[in-house]
Amino acid sequence: MGFDRFGTVSFANKSKVDHFVDLLDEGMVAGTRCGKCGESFFPPRADCCKCLSDEMEWFEVAGPGKLISYSTLIYAPTGFEEDLPYTIALVQFGEDIKVFGRLSKEIKAEEVRADMKLEVAPVELPNGRITYEFRKA
Amino acid sequence: MRKAVAIIGVGQSAFVRGYEGSIRELAFEGYREGVEDANLTAEEIDASIICSAPEYDKQRSPAGLLAEYLGLNPKPTFYIESVCSSSSMGLRVAYSLIKSGLHDVVLVLGFQKMSEISSADSQERMGRGADIMWESPFGTMMPGYYAMHARAHFEKYGTGEEDLALIRVKAATYGSMNEKAVYQKEVTLEQVMGSDVVSSPLKRFDCCANADGSSCIILAKGEKAVRMTDKPIWILGLGAASAPLNMAGRDSLTGLSVAKEAARQAYGMAGISPNDIDVAEVHDCFTIAELMAYEDLGFAKPGDGSKLIRERQTYIGGKIPTNVDGGLLSKGHPIGATGGSQIRTIVLQLRGEAGPMQVENAKLGLVHNIGGVGIYGNVTILGRG
(Lines give C-alpha, C1' and ligand atoms only; values in the text may rest on other atoms or scores of the structure.)
Protein backbone atom coordinates (compact mmCIF):
# COMPACT_ATOMS: atom_id res chain seq x y z
CA MET A 1 0.00 0.00 0.00
CA GLY A 2 1.31 3.41 -0.90
CA PHE A 3 -0.25 6.79 -1.35
CA ASP A 4 -3.72 5.29 -1.74
CA ARG A 5 -3.91 5.02 2.09
CA PHE A 6 -3.78 8.82 2.50
CA GLY A 7 -6.95 10.70 3.51
CA THR A 8 -10.63 9.75 3.67
CA VAL A 9 -10.55 9.03 -0.07
CA SER A 10 -7.33 9.09 -2.08
CA PHE A 11 -7.30 9.88 -5.77
CA ALA A 12 -3.68 8.90 -6.42
CA ASN A 13 -2.22 5.44 -5.83
CA LYS A 14 1.50 5.83 -6.37
CA SER A 15 4.03 8.64 -6.24
CA LYS A 16 7.71 9.09 -5.57
CA VAL A 17 6.89 10.66 -2.22
CA ASP A 18 4.89 7.69 -0.89
CA HIS A 19 7.34 7.72 2.04
CA PHE A 20 5.22 10.62 3.35
CA VAL A 21 2.61 8.02 4.37
CA ASP A 22 5.22 5.83 6.10
CA LEU A 23 6.36 8.89 8.05
CA LEU A 24 2.72 9.59 9.06
CA ASP A 25 2.65 6.01 10.43
CA GLU A 26 5.74 6.92 12.44
CA GLY A 27 4.01 10.01 13.83
CA MET A 28 5.58 12.68 11.62
CA VAL A 29 4.13 15.14 9.11
CA ALA A 30 6.98 15.91 6.74
CA GLY A 31 7.89 18.02 3.77
CA THR A 32 10.91 17.70 1.50
CA ARG A 33 13.98 19.91 1.25
CA CYS A 34 16.28 19.98 -1.76
CA GLY A 35 19.67 18.50 -0.84
CA LYS A 36 21.34 20.66 -3.47
CA CYS A 37 19.85 24.17 -3.19
CA GLY A 38 18.06 23.90 0.16
CA GLU A 39 14.58 24.92 -1.08
CA SER A 40 11.82 23.55 1.20
CA PHE A 41 8.53 22.17 -0.06
CA PHE A 42 5.14 21.33 1.35
CA PRO A 43 3.38 19.39 0.00
CA PRO A 44 6.50 17.25 -0.38
CA ARG A 45 7.82 16.75 -3.90
CA ALA A 46 10.37 14.48 -5.54
CA ASP A 47 11.86 17.10 -7.87
CA CYS A 48 13.23 20.58 -7.20
CA CYS A 49 11.83 23.13 -9.67
CA LYS A 50 14.46 25.68 -8.55
CA CYS A 51 17.61 23.69 -9.40
CA LEU A 52 16.23 20.51 -11.11
CA SER A 53 17.78 18.21 -8.52
CA ASP A 54 15.98 15.08 -7.31
CA GLU A 55 18.08 14.74 -4.17
CA MET A 56 15.40 15.36 -1.58
CA GLU A 57 15.58 15.10 2.19
CA TRP A 58 12.60 14.82 4.54
CA PHE A 59 12.05 17.37 7.29
CA GLU A 60 9.37 17.52 9.98
CA VAL A 61 6.82 20.33 9.71
CA ALA A 62 7.38 21.92 13.10
CA GLY A 63 4.75 23.94 14.93
CA PRO A 64 3.18 25.93 16.16
CA GLY A 65 1.70 27.36 12.98
CA LYS A 66 -0.81 30.14 12.41
CA LEU A 67 -4.31 29.70 10.94
CA ILE A 68 -4.62 31.71 7.71
CA SER A 69 -8.19 30.83 6.76
CA TYR A 70 -10.84 28.13 7.07
CA SER A 71 -14.33 27.04 6.11
CA THR A 72 -16.76 24.51 7.56
CA LEU A 73 -18.40 22.34 4.94
CA ILE A 74 -22.07 21.44 5.37
CA TYR A 75 -22.20 19.51 2.10
CA ALA A 76 -19.53 17.07 0.98
CA PRO A 77 -18.44 15.48 -2.26
CA THR A 78 -19.15 11.79 -2.89
CA GLY A 79 -17.30 9.60 -0.41
CA PHE A 80 -16.96 12.22 2.35
CA GLU A 81 -20.60 12.45 3.56
CA GLU A 82 -19.94 10.60 6.82
CA ASP A 83 -17.26 13.10 7.85
CA LEU A 84 -19.67 16.08 7.82
CA PRO A 85 -19.47 18.71 9.08
CA TYR A 86 -15.73 19.29 8.80
CA THR A 87 -13.52 22.36 8.60
CA ILE A 88 -10.85 22.74 5.95
CA ALA A 89 -8.00 25.11 6.74
CA LEU A 90 -4.74 26.60 5.56
CA VAL A 91 -2.01 26.97 8.18
CA GLN A 92 1.32 28.76 7.93
CA PHE A 93 4.41 27.24 9.56
CA GLY A 94 7.43 29.51 9.76
CA GLU A 95 8.21 31.75 6.80
CA ASP A 96 7.89 29.42 3.83
CA ILE A 97 5.64 26.48 4.60
CA LYS A 98 1.85 26.43 4.29
CA VAL A 99 -0.15 23.26 4.91
CA PHE A 100 -3.67 22.53 3.69
CA GLY A 101 -5.78 20.15 5.78
CA ARG A 102 -8.63 19.86 8.26
CA LEU A 103 -9.07 21.21 11.77
CA SER A 104 -9.46 18.59 14.51
CA LYS A 105 -13.10 18.11 15.53
CA GLU A 106 -11.94 18.71 19.09
CA ILE A 107 -11.63 22.41 18.31
CA LYS A 108 -15.05 23.97 18.95
CA ALA A 109 -16.53 26.21 16.23
CA GLU A 110 -16.58 29.24 18.54
CA GLU A 111 -12.87 28.81 19.30
CA VAL A 112 -11.79 29.05 15.67
CA ARG A 113 -10.26 32.35 14.65
CA ALA A 114 -7.68 33.54 12.14
CA ASP A 115 -4.14 33.64 13.51
CA MET A 116 -4.88 31.02 16.21
CA LYS A 117 -1.89 28.80 17.01
CA LEU A 118 -2.10 25.25 15.66
CA GLU A 119 0.10 22.22 15.30
CA VAL A 120 -0.18 19.41 12.79
CA ALA A 121 -0.28 15.72 13.70
CA PRO A 122 -1.05 12.38 12.03
CA VAL A 123 -4.45 10.76 12.66
CA GLU A 124 -5.31 7.13 11.98
CA LEU A 125 -8.56 6.55 10.10
CA PRO A 126 -10.63 3.34 9.83
CA ASN A 127 -9.56 0.58 7.43
CA GLY A 128 -5.84 1.20 7.76
CA ARG A 129 -6.05 4.70 6.30
CA ILE A 130 -4.15 7.68 7.69
CA THR A 131 -4.20 11.46 7.41
CA TYR A 132 -3.16 14.52 9.43
CA GLU A 133 -5.10 17.26 11.18
CA PHE A 134 -4.53 20.58 12.87
CA ARG A 135 -4.84 20.71 16.66
CA LYS A 136 -4.64 23.51 19.19
CA ALA A 137 -1.01 24.21 19.99
CA MET B 1 -1.96 46.84 -34.19
CA ARG B 2 -5.05 47.79 -32.22
CA LYS B 3 -7.28 46.61 -35.06
CA ALA B 4 -5.64 43.30 -35.80
CA VAL B 5 -8.46 40.93 -34.87
CA ALA B 6 -12.19 41.52 -34.46
CA ILE B 7 -15.18 39.59 -33.19
CA ILE B 8 -17.70 39.41 -36.02
CA GLY B 9 -20.30 37.10 -34.55
CA VAL B 10 -21.58 35.91 -31.17
CA GLY B 11 -24.11 33.32 -30.11
CA GLN B 12 -25.36 31.57 -27.03
CA SER B 13 -27.89 28.87 -26.20
CA ALA B 14 -30.29 29.39 -23.34
CA PHE B 15 -28.57 28.28 -20.12
CA VAL B 16 -30.79 25.61 -18.59
CA ARG B 17 -31.02 22.88 -15.98
CA GLY B 18 -31.09 19.44 -17.59
CA TYR B 19 -30.86 20.17 -21.32
CA GLU B 20 -33.21 17.94 -23.31
CA GLY B 21 -30.71 16.80 -25.89
CA SER B 22 -27.14 15.65 -26.49
CA ILE B 23 -23.95 17.73 -26.44
CA ARG B 24 -23.97 17.97 -30.25
CA GLU B 25 -27.44 19.55 -30.25
CA LEU B 26 -26.54 21.81 -27.34
CA ALA B 27 -23.40 23.01 -29.16
CA PHE B 28 -25.43 23.58 -32.33
CA GLU B 29 -27.72 26.06 -30.54
CA GLY B 30 -24.88 28.46 -29.77
CA TYR B 31 -23.27 27.80 -33.14
CA ARG B 32 -26.42 28.53 -35.15
CA GLU B 33 -26.89 31.88 -33.43
CA GLY B 34 -23.20 32.81 -33.85
CA VAL B 35 -23.08 31.97 -37.54
CA GLU B 36 -26.36 33.78 -38.22
CA ASP B 37 -25.10 36.80 -36.27
CA ALA B 38 -21.87 36.87 -38.32
CA ASN B 39 -23.88 36.24 -41.48
CA LEU B 40 -21.44 33.72 -42.90
CA THR B 41 -21.35 30.08 -43.96
CA ALA B 42 -19.41 27.12 -42.57
CA GLU B 43 -17.13 27.25 -45.66
CA GLU B 44 -15.87 30.67 -44.56
CA ILE B 45 -14.66 29.34 -41.18
CA ASP B 46 -10.98 28.33 -41.44
CA ALA B 47 -10.62 26.51 -38.10
CA SER B 48 -12.63 25.70 -34.99
CA ILE B 49 -11.56 25.64 -31.35
CA ILE B 50 -13.80 23.58 -29.07
CA CYS B 51 -13.75 24.38 -25.34
CA SER B 52 -15.15 22.48 -22.38
CA ALA B 53 -14.08 20.71 -19.20
CA PRO B 54 -13.70 17.10 -20.31
CA GLU B 55 -14.57 15.40 -17.03
CA TYR B 56 -18.27 16.10 -17.70
CA ASP B 57 -18.21 14.68 -21.21
CA LYS B 58 -18.91 11.06 -21.86
CA GLN B 59 -17.74 11.68 -25.43
CA ARG B 60 -13.98 11.42 -25.66
CA SER B 61 -12.37 14.19 -27.74
CA PRO B 62 -15.51 16.27 -28.35
CA ALA B 63 -13.81 18.51 -30.94
CA GLY B 64 -13.90 15.74 -33.53
CA LEU B 65 -17.57 15.04 -32.94
CA LEU B 66 -18.62 18.69 -32.92
CA ALA B 67 -16.64 19.73 -36.02
CA GLU B 68 -18.53 17.00 -37.86
CA TYR B 69 -21.96 17.89 -36.42
CA LEU B 70 -21.48 21.64 -37.01
CA GLY B 71 -20.46 20.91 -40.61
CA LEU B 72 -16.91 22.22 -40.25
CA ASN B 73 -14.97 19.29 -41.80
CA PRO B 74 -12.38 19.18 -43.32
CA LYS B 75 -11.09 22.35 -41.63
CA PRO B 76 -8.82 21.86 -38.60
CA THR B 77 -10.40 21.54 -35.18
CA PHE B 78 -8.95 21.04 -31.72
CA TYR B 79 -9.73 21.26 -28.04
CA ILE B 80 -8.74 23.87 -25.44
CA GLU B 81 -9.26 23.37 -21.73
CA SER B 82 -8.60 25.57 -18.71
CA VAL B 83 -11.71 24.51 -16.76
CA CYS B 84 -14.03 27.49 -16.20
CA SER B 85 -11.95 29.83 -18.38
CA SER B 86 -11.70 27.40 -21.33
CA SER B 87 -13.47 29.56 -23.87
CA SER B 88 -11.53 32.73 -22.94
CA MET B 89 -8.38 30.69 -23.44
CA GLY B 90 -9.92 29.54 -26.74
CA LEU B 91 -10.35 33.20 -27.72
CA ARG B 92 -6.70 33.87 -26.89
CA VAL B 93 -5.58 30.98 -29.10
CA ALA B 94 -7.94 32.06 -31.90
CA TYR B 95 -6.45 35.57 -31.75
CA SER B 96 -2.95 34.16 -32.09
CA LEU B 97 -3.92 31.89 -35.00
CA ILE B 98 -5.28 34.92 -36.86
CA LYS B 99 -2.50 37.31 -35.84
CA SER B 100 0.10 34.78 -37.00
CA GLY B 101 -1.47 34.74 -40.46
CA LEU B 102 -2.31 31.04 -40.32
CA HIS B 103 -6.09 31.57 -40.51
CA ASP B 104 -8.45 34.45 -41.33
CA VAL B 105 -11.64 33.33 -39.62
CA VAL B 106 -11.71 31.17 -36.47
CA LEU B 107 -14.66 29.89 -34.46
CA VAL B 108 -14.53 29.39 -30.68
CA LEU B 109 -17.27 27.09 -29.45
CA GLY B 110 -17.66 26.56 -25.71
CA PHE B 111 -20.12 24.09 -24.24
CA GLN B 112 -20.93 22.07 -21.15
CA LYS B 113 -23.67 19.62 -20.38
CA MET B 114 -23.20 19.35 -16.63
CA SER B 115 -26.42 17.38 -16.21
CA GLU B 116 -24.80 14.28 -17.72
CA ILE B 117 -23.80 13.44 -14.13
CA SER B 118 -25.37 13.86 -10.64
CA SER B 119 -24.87 17.02 -8.60
CA ALA B 120 -22.71 15.17 -6.01
CA ASP B 121 -20.56 13.67 -8.77
CA SER B 122 -20.31 17.08 -10.33
CA GLN B 123 -19.10 18.58 -7.03
CA GLU B 124 -16.61 15.76 -6.68
CA ARG B 125 -15.27 16.39 -10.18
CA MET B 126 -15.06 20.11 -9.49
CA GLY B 127 -13.20 19.32 -6.27
CA ARG B 128 -10.72 17.39 -8.38
CA GLY B 129 -9.97 20.68 -10.14
CA ALA B 130 -7.88 21.15 -6.99
CA ASP B 131 -4.73 19.17 -6.09
CA ILE B 132 -5.93 15.55 -6.11
CA MET B 133 -2.95 14.27 -4.11
CA TRP B 134 -2.79 16.87 -1.38
CA GLU B 135 -6.18 18.60 -1.14
CA SER B 136 -8.96 16.35 -2.49
CA PRO B 137 -8.35 13.61 0.15
CA PHE B 138 -9.67 16.12 2.71
CA GLY B 139 -13.03 16.31 0.94
CA THR B 140 -12.71 19.65 -0.82
CA MET B 141 -15.25 21.37 -3.06
CA MET B 142 -15.22 24.64 -4.97
CA PRO B 143 -17.48 26.43 -2.45
CA GLY B 144 -15.03 25.51 0.34
CA TYR B 145 -12.08 27.11 -1.42
CA TYR B 146 -13.90 30.32 -2.23
CA ALA B 147 -15.30 30.31 1.31
CA MET B 148 -11.71 30.32 2.59
CA HIS B 149 -11.05 33.37 0.41
CA ALA B 150 -14.18 35.01 1.82
CA ARG B 151 -13.10 34.31 5.39
CA ALA B 152 -9.62 35.70 4.70
CA HIS B 153 -11.17 38.85 3.15
CA PHE B 154 -13.51 39.26 6.13
CA GLU B 155 -10.60 38.95 8.56
CA LYS B 156 -8.31 41.37 6.75
CA TYR B 157 -10.75 44.03 5.63
CA GLY B 158 -13.88 43.65 7.73
CA THR B 159 -16.00 42.65 4.73
CA GLY B 160 -19.19 40.84 5.80
CA GLU B 161 -21.78 38.36 4.63
CA GLU B 162 -24.20 41.16 3.78
CA ASP B 163 -21.70 42.70 1.36
CA LEU B 164 -21.60 39.40 -0.49
CA ALA B 165 -25.38 39.07 -0.35
CA LEU B 166 -25.74 42.47 -2.05
CA ILE B 167 -23.77 41.11 -5.01
CA ARG B 168 -26.27 38.24 -5.32
CA VAL B 169 -29.18 40.69 -5.19
CA LYS B 170 -27.61 42.68 -8.05
CA ALA B 171 -27.04 39.53 -10.10
CA ALA B 172 -30.67 38.52 -9.67
CA THR B 173 -31.86 42.01 -10.62
CA TYR B 174 -30.24 41.64 -14.04
CA GLY B 175 -30.80 37.89 -14.32
CA SER B 176 -34.52 38.69 -14.30
CA MET B 177 -34.00 40.69 -17.52
CA ASN B 178 -31.96 38.01 -19.30
CA GLU B 179 -34.13 35.54 -21.17
CA LYS B 180 -31.15 33.17 -21.50
CA ALA B 181 -30.44 33.00 -17.77
CA VAL B 182 -31.11 29.79 -15.85
CA TYR B 183 -32.33 31.81 -12.85
CA GLN B 184 -34.61 34.68 -13.88
CA LYS B 185 -36.10 35.53 -10.49
CA GLU B 186 -35.19 38.56 -8.41
CA VAL B 187 -34.07 37.79 -4.87
CA THR B 188 -34.13 39.92 -1.72
CA LEU B 189 -31.31 40.53 0.71
CA GLU B 190 -33.31 38.60 3.33
CA GLN B 191 -33.61 35.58 1.03
CA VAL B 192 -29.87 35.51 0.42
CA MET B 193 -28.99 35.99 4.09
CA GLY B 194 -31.52 33.34 5.10
CA SER B 195 -30.37 30.66 2.65
CA ASP B 196 -28.69 27.48 3.89
CA VAL B 197 -24.96 27.51 4.60
CA VAL B 198 -23.03 25.44 2.05
CA SER B 199 -19.48 26.06 3.27
CA SER B 200 -19.21 28.80 5.87
CA PRO B 201 -19.48 31.74 5.37
CA LEU B 202 -20.91 31.02 1.89
CA LYS B 203 -24.59 30.19 1.61
CA ARG B 204 -26.61 28.66 -1.19
CA PHE B 205 -27.37 32.04 -2.77
CA ASP B 206 -23.67 32.96 -2.74
CA CYS B 207 -23.06 30.14 -5.23
CA CYS B 208 -23.73 30.11 -8.96
CA ALA B 209 -25.99 27.51 -10.48
CA ASN B 210 -24.77 24.59 -12.55
CA ALA B 211 -26.26 24.77 -16.01
CA ASP B 212 -26.10 23.28 -19.47
CA GLY B 213 -25.26 25.65 -22.28
CA SER B 214 -23.13 26.62 -25.24
CA SER B 215 -21.52 29.80 -26.53
CA CYS B 216 -20.02 30.77 -29.85
CA ILE B 217 -17.57 33.53 -30.78
CA ILE B 218 -16.40 34.10 -34.36
CA LEU B 219 -13.20 36.08 -34.93
CA ALA B 220 -11.72 37.47 -38.13
CA LYS B 221 -8.59 39.21 -39.30
CA GLY B 222 -9.01 43.01 -39.23
CA GLU B 223 -9.05 43.71 -43.00
CA LYS B 224 -11.50 40.91 -43.55
CA ALA B 225 -13.67 41.76 -40.54
CA VAL B 226 -14.45 45.26 -41.82
CA ARG B 227 -15.62 43.75 -45.12
CA MET B 228 -17.73 41.10 -43.39
CA THR B 229 -19.56 43.29 -40.87
CA ASP B 230 -20.31 46.95 -40.18
CA LYS B 231 -20.14 46.36 -36.43
CA PRO B 232 -16.81 44.67 -35.68
CA ILE B 233 -15.81 44.57 -32.01
CA TRP B 234 -12.04 44.78 -31.62
CA ILE B 235 -9.85 42.75 -29.32
CA LEU B 236 -7.71 45.48 -27.75
CA GLY B 237 -6.13 43.69 -24.82
CA LEU B 238 -5.43 40.09 -23.84
CA GLY B 239 -3.98 38.90 -20.54
CA ALA B 240 -3.49 35.42 -19.14
CA ALA B 241 -1.73 34.00 -16.09
CA SER B 242 -1.39 30.94 -13.89
CA ALA B 243 -0.98 30.32 -10.16
CA PRO B 244 -0.33 27.29 -7.93
CA LEU B 245 -3.21 24.84 -7.88
CA ASN B 246 -2.64 24.03 -4.21
CA MET B 247 -3.70 26.70 -1.71
CA ALA B 248 -0.41 26.00 0.10
CA GLY B 249 1.35 27.68 -2.83
CA ARG B 250 -0.64 30.92 -2.65
CA ASP B 251 0.77 34.12 -1.19
CA SER B 252 -2.65 35.49 -0.28
CA LEU B 253 -6.28 34.38 -0.11
CA THR B 254 -7.78 37.88 -0.24
CA GLY B 255 -7.52 38.11 -4.02
CA LEU B 256 -6.52 36.09 -7.07
CA SER B 257 -2.99 36.73 -8.35
CA VAL B 258 -3.93 35.45 -11.81
CA ALA B 259 -6.58 38.15 -12.16
CA LYS B 260 -4.17 40.91 -11.14
CA GLU B 261 -1.50 39.70 -13.53
CA ALA B 262 -3.85 39.07 -16.46
CA ALA B 263 -5.41 42.51 -15.92
CA ARG B 264 -1.99 44.17 -15.87
CA GLN B 265 -1.17 42.58 -19.23
CA ALA B 266 -4.53 43.39 -20.80
CA TYR B 267 -4.58 47.04 -19.66
CA GLY B 268 -1.00 47.40 -20.88
CA MET B 269 -1.72 45.92 -24.31
CA ALA B 270 -4.83 48.07 -24.72
CA GLY B 271 -3.04 51.16 -23.34
CA ILE B 272 -5.88 51.97 -20.96
CA SER B 273 -6.56 52.01 -17.22
CA PRO B 274 -9.39 50.53 -15.12
CA ASN B 275 -11.19 53.90 -15.09
CA ASP B 276 -11.62 53.72 -18.86
CA ILE B 277 -13.80 50.60 -18.74
CA ASP B 278 -17.50 51.28 -19.35
CA VAL B 279 -18.90 47.81 -18.66
CA ALA B 280 -17.43 44.62 -17.22
CA GLU B 281 -18.17 40.92 -17.00
CA VAL B 282 -16.43 39.25 -14.09
CA HIS B 283 -16.25 35.62 -13.05
CA ASP B 284 -18.77 35.53 -10.18
CA CYS B 285 -18.88 31.77 -9.61
CA PHE B 286 -19.37 32.86 -5.99
CA THR B 287 -20.27 36.28 -4.64
CA ILE B 288 -16.82 36.62 -3.04
CA ALA B 289 -15.26 36.02 -6.47
CA GLU B 290 -16.97 39.15 -7.82
CA LEU B 291 -15.93 41.20 -4.80
CA MET B 292 -12.30 40.11 -5.22
CA ALA B 293 -12.53 40.86 -8.95
CA TYR B 294 -13.48 44.50 -8.21
CA GLU B 295 -10.18 44.83 -6.37
CA ASP B 296 -8.00 42.60 -8.56
CA LEU B 297 -9.09 44.53 -11.68
CA GLY B 298 -8.48 47.92 -10.07
CA PHE B 299 -12.13 49.03 -9.95
CA ALA B 300 -11.67 49.41 -6.19
CA LYS B 301 -8.66 49.55 -3.89
CA PRO B 302 -7.86 46.35 -1.96
CA GLY B 303 -10.43 46.12 0.82
CA ASP B 304 -12.82 48.61 -0.82
CA GLY B 305 -14.78 46.11 -2.92
CA SER B 306 -17.60 46.13 -0.38
CA LYS B 307 -17.90 49.91 -0.73
CA LEU B 308 -18.40 49.56 -4.49
CA ILE B 309 -21.39 47.23 -4.13
CA ARG B 310 -22.84 49.11 -1.14
CA GLU B 311 -22.81 52.33 -3.18
CA ARG B 312 -24.39 50.43 -6.10
CA GLN B 313 -21.48 51.52 -8.33
CA THR B 314 -21.61 48.18 -10.18
CA TYR B 315 -25.25 48.63 -11.20
CA ILE B 316 -26.19 50.28 -14.51
CA GLY B 317 -25.77 54.01 -13.88
CA GLY B 318 -22.90 53.40 -11.45
CA LYS B 319 -19.18 53.94 -11.95
CA ILE B 320 -18.51 50.49 -13.43
CA PRO B 321 -21.59 48.39 -14.31
CA THR B 322 -20.59 44.77 -13.72
CA ASN B 323 -22.36 41.54 -14.66
CA VAL B 324 -25.45 43.35 -15.80
CA ASP B 325 -26.55 40.17 -17.59
CA GLY B 326 -27.00 38.32 -14.27
CA GLY B 327 -23.45 36.98 -14.12
CA LEU B 328 -22.68 33.35 -13.43
CA LEU B 329 -24.76 33.66 -10.25
CA SER B 330 -28.06 34.10 -12.12
CA LYS B 331 -27.23 33.29 -15.72
CA GLY B 332 -25.70 29.93 -14.71
CA HIS B 333 -22.21 28.52 -15.19
CA PRO B 334 -21.89 25.83 -17.88
CA ILE B 335 -18.13 25.69 -17.42
CA GLY B 336 -16.78 25.52 -20.98
CA ALA B 337 -19.44 27.93 -22.29
CA THR B 338 -19.04 30.60 -19.63
CA GLY B 339 -16.17 32.68 -21.02
CA GLY B 340 -17.81 32.81 -24.44
CA SER B 341 -21.07 33.91 -22.85
CA GLN B 342 -19.28 36.72 -20.98
CA ILE B 343 -17.58 37.83 -24.21
CA ARG B 344 -20.93 37.74 -26.03
CA THR B 345 -22.48 39.99 -23.37
CA ILE B 346 -19.73 42.59 -23.78
CA VAL B 347 -19.92 42.42 -27.59
CA LEU B 348 -23.68 43.07 -27.43
CA GLN B 349 -23.08 45.95 -25.00
CA LEU B 350 -20.50 47.56 -27.28
CA ARG B 351 -22.80 47.20 -30.27
CA GLY B 352 -25.66 48.76 -28.30
CA GLU B 353 -27.71 45.57 -28.63
CA ALA B 354 -28.03 44.56 -24.97
CA GLY B 355 -31.74 45.51 -24.67
CA PRO B 356 -32.95 46.23 -21.12
CA MET B 357 -29.42 45.51 -19.80
CA GLN B 358 -27.77 48.13 -22.04
CA VAL B 359 -25.16 50.44 -20.51
CA GLU B 360 -25.55 53.70 -22.39
CA ASN B 361 -22.84 54.46 -24.92
CA ALA B 362 -20.47 51.69 -23.78
CA LYS B 363 -17.21 51.96 -25.77
CA LEU B 364 -14.79 49.78 -23.82
CA GLY B 365 -15.62 46.52 -22.10
CA LEU B 366 -13.70 44.00 -20.00
CA VAL B 367 -14.10 40.26 -19.48
CA HIS B 368 -12.54 38.57 -16.41
CA ASN B 369 -12.76 34.77 -16.61
CA ILE B 370 -11.14 32.50 -14.01
CA GLY B 371 -10.35 28.78 -14.25
CA GLY B 372 -10.52 26.70 -11.08
CA VAL B 373 -9.88 28.57 -7.84
CA GLY B 374 -7.64 31.08 -9.58
CA ILE B 375 -5.41 28.51 -11.28
CA TYR B 376 -5.97 30.17 -14.63
CA GLY B 377 -6.94 33.79 -15.23
CA ASN B 378 -7.92 35.50 -18.47
CA VAL B 379 -8.71 39.18 -18.90
CA THR B 380 -9.89 40.42 -22.29
CA ILE B 381 -10.52 44.03 -23.26
CA LEU B 382 -12.86 44.75 -26.17
CA GLY B 383 -13.69 48.00 -27.91
CA ARG B 384 -15.93 49.25 -30.68
CA GLY B 385 -14.52 50.86 -33.81
Side-chain angles (χ1 to χ4, degrees), chain A residues 3-15 17-18 20 31 41-45 61 67-93 96-103 109 112-115 125 129-134, chain B residues 55 117-158 195-204 206-207 244-255 286 288 373:
Chain A
F3 202 80
D4 49 357
R5 285 179 56 220
F6 178 58
T8 304
V9 178
S10 184
F11 300 89
N13 60 3
K14 195 95 200 84
S15 91
V17 290
D18 281 358
F20 175 79
F41 299 101
F42 196 93
R45 43 190 293 161
V61 177
L67 180 60
I68 296 176
S69 196
Y70 59 94
S71 173
T72 302
L73 278 73
I74 308 302
Y75 295 93
T78 307
F80 295 88
E81 298 87 344
E82 288 181 11
D83 293 352
L84 286 172
Y86 51 86
T87 301
I88 55 172
L90 186 65
V91 178
Q92 172 120 31
F93 291 88
D96 305 325
I97 298 296
K98 291 191 191 83
V99 181
F100 184 92
R102 277 192 203 170
L103 293 186
V112 181
R113 66 183 62 83
D115 290 340
L125 300 174
R129 308 188 64 79
I130 194 159
T131 185
Y132 60 78
E133 66 178 16
F134 302 117
Chain B
E55 64 272 21
I117 55 180
S118 75
S119 180
D121 282 349
S122 150
Q123 286 295 349
E124 187 261 351
R125 278 163 176 73
M126 276 191 257
R128 283 196 282 126
D131 184 336
I132 63 146
M133 275 185 72
W134 300 103
E135 293 181 318
S136 304
F138 294 103
T140 56
M141 294 199 300
M142 287 296 129
Y145 288 108
Y146 273 100
M148 287 174 74
H149 285 76
R151 178 64 63 199
H153 206 279
F154 289 8
E155 296 282 349
K156 184 163 181 188
Y157 298 116
S195 62
D196 298 339
V197 175
V198 173
S199 191
S200 67
L202 297 184
K203 298 176 282 296
R204 189 162 57 85
D206 287 304
C207 310
L245 195 113
N246 195 307
M247 292 303 112
R250 303 286 176 90
D251 290 332
S252 160
L253 296 185
T254 56
F286 299 93
I288 180 63
V373 189

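Lettering follows sequence order; numbering is per chain, from 1.
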Heavy-atom proximity to chain B below 4.5 Å, by part of [X]:
| X | value |
| --- | --- |
| Pro85(A) | neither |
| Val17(A) | side chain |
| Thr131(A) | side chain |
| Phe20(A) | side chain |
| Tyr132(A) | both |

Pairs of heavy atoms under 4.5 Å with chain A: top-ranked of Ser199(B), Ala152(B), Ala147(B):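 Looking at each of Ser199(B), Ala152(B), Ala147(B) in turn, Ser199(B) comes out on top.
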Counting N and O atoms only, with roles assigned by atom type, does the side chain of Ser200(B) sit under 3.5 Å from a partner on the main chain of Thr72(A), one being a donor and the other an acceptor?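 Yes, because the side chain of Ser200(B) sits within donor-acceptor range (under 3.5 Å) of the backbone of Thr72(A).
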If you apply the rule salt bridge (charged side-chain N to carboxylate O under 4.0 Å, His left out), what do you find for Asp4(A) with Arg129(A), and how did you get there? CA-CA 8 Å; Asp4(A) 49 357; Arg129(A) 308 188 64 79; over 6 Å; no
Euclidean distance, Ile68(A) CD1 relative to Leu90(A) CG, rounded to 0.5 Å: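 Atom-to-atom, Leu90(A):CG and Ile68(A):CD1 are 4.0 Å apart.
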Atom pair CD1 (Ile74(A)) and NZ (Lys203(B)), whose distance is rounded to the nearest 0.5 Å: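 Separation between the atoms: 12.0 Å.
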Ignoring hydrogens and geometry beyond distance, is a side-chain donor-acceptor pair present between Tyr145(B) and Glu135(B) at under 3.5 Å?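 A pair is found: one side chain offers a donor N or O, the other an acceptor, under 3.5 Å apart.
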Can you say whether Glu155(B) sits under 4.5 Å from chain A via the side chain, the backbone, both, or neither, judging by heavy atoms?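 Only the side chain of Glu155(B) comes within 4.5 Å of chain A.
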Aromatic plane relationship, Trp134(B) with Phe6(A) - under 30° parallel, 30 to 60° tilted, over 60° perpendicular: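 Geometry flag for Trp134(B) against Phe6(A): tilted rings.
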